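Written out below as structure tokens is the structure these notes cover.
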Amino acid sequence: MRYKTVRDILNEASALHDKLAALSYRAAEASKDRRSGLVLDYLADHQNQLRKAITAFEDDAAERVMATWFDRSPELDLPEVQATDLADVNDLEALIEKVVEFHDRITELYANLRDQSRAQEVRAVFASLAELERHEKMELTHSTRQLQDI
């Protein structure tokens, strides 16, 4: 655990969504299976939307909220994902489970930070982000299942 500001934490989360999007795009381009390619493209677009949502939170939040320090900020322990992991997944269920795990861990981080904070404005930011991740995970699961049926 290190000292981090809300801005640092949101920048890290944004960068992680960006990395997963880039990996998904690369895997989609390399995919020989049309259905897998569609799912991977959708995953990439989904991650880009989440990155944009986090950026919007950063842009809209008061500077005092963004500059709030956490002295016990948990490290974001995400499953390691490589482009080859995504491209080599023959089982779309396994791919979706990996991405859902990614979302679950980010949601846990936000919930942990929400619970640590004494400032109501900071609690509200992390509560909103946790809810956004939960909602997006449900949408992702539903939409990818529909794409699998194509």
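Here the structure is a predicted model, which means the values were calculated and not measured.
- Put simply, CG on Leu50 and CG on Leu129 are 9.5 Å apart, with the number rounded to the nearest 0.5 Å.
- We find the CZ-CG distance between Phe102 and Leu43 to be 11.0 Å, quoted to the nearest 0.5 Å.
- With hydrogens and angles disregarded, no donor-acceptor distance shorter than 3.5 Å links the side chain of Ser117 to the backbone of Leu113.
- The distance from atom CD of Glu12 to atom OG of Ser14, rounded to the nearest 0.5 Å, is 11.0 Å.
- Taking Thr107 as the reference, Ala130, Glu133, Arg134 meet the side-chain contact (heavy atoms from CB on, under 4.5 Å) condition, with sequence neighbours excluded.
- To the nearest 0.5 Å, atom OG1 of residue Thr55 and atom NE2 of residue His17 are 10.0 Å apart.
- The two residues Leu132 and Ala53 make their nearest non-hydrogen contact at CD2-CB, 3.6 Å.
- Within the 6.0 Å centre-distance limit, the rings of His46 and His103 are counted as a close aromatic pair.
- Counting only heavy atoms from C-beta outward, the side chains of Asn11 and Glu58 approach each other to under 4.5 Å.
- Residues Phe126 and Phe70 bring their aromatic ring centres within 6.0 Å.
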**Study point:** Working for side chain to side chain donor-acceptor pair (under 3.5 Å), residues Glu108 and Asn112
**Key:** CA-CA 6 Å; Glu108 288 172 19; Asn112 180 303; over 6 Å; no
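- Side chains of Leu23 and Gln47 form no contact here, defined as non-hydrogen atoms less than 4.5 Å apart.
- Between the NZ atom in Lys4 and the OG1 atom in Thr68 there is a gap of 15.5 Å [rounded to 0.5 Å].
- By the 4.5 Å heavy-atom criterion applied to side chains, Leu140 and Tyr42 are counted as neighbours.
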Is there a salt bridge (Lys or Arg N to Asp or Glu O under 4.0 Å) between Arg114 and Glu131 once you walk through the steps?
CA-CA 11 Å; Arg114 176 200 62 216; Glu131 184 56 35; over 6 Å; no
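- For the pair Asp33 and Ser31, the tightest heavy-atom approach, listed with the atom from each and the gap, is O-OG, 3.0 Å.
- Residues Gln49 and Glu136 form no side-chain contact, since every pair of their non-hydrogen atoms from C-beta on lies 4.5 Å or further apart.
- Rounded to the nearest 0.5 Å, atoms CD1 (Ile106) and CD1 (Ile54) are 6.5 Å apart.
- In this structure, Met66 and Ala61 approach most closely via the heavy-atom pair SD-CB, 3.7 Å.
- Side chain to side chain, Asp45 and Tyr25 meet the donor-acceptor criterion of an N or O pair below 3.5 Å.
- Under a 3.5 Å cut-off, the side chain of Asp8 and the backbone N or O of Thr5 do form a donor-acceptor pair.
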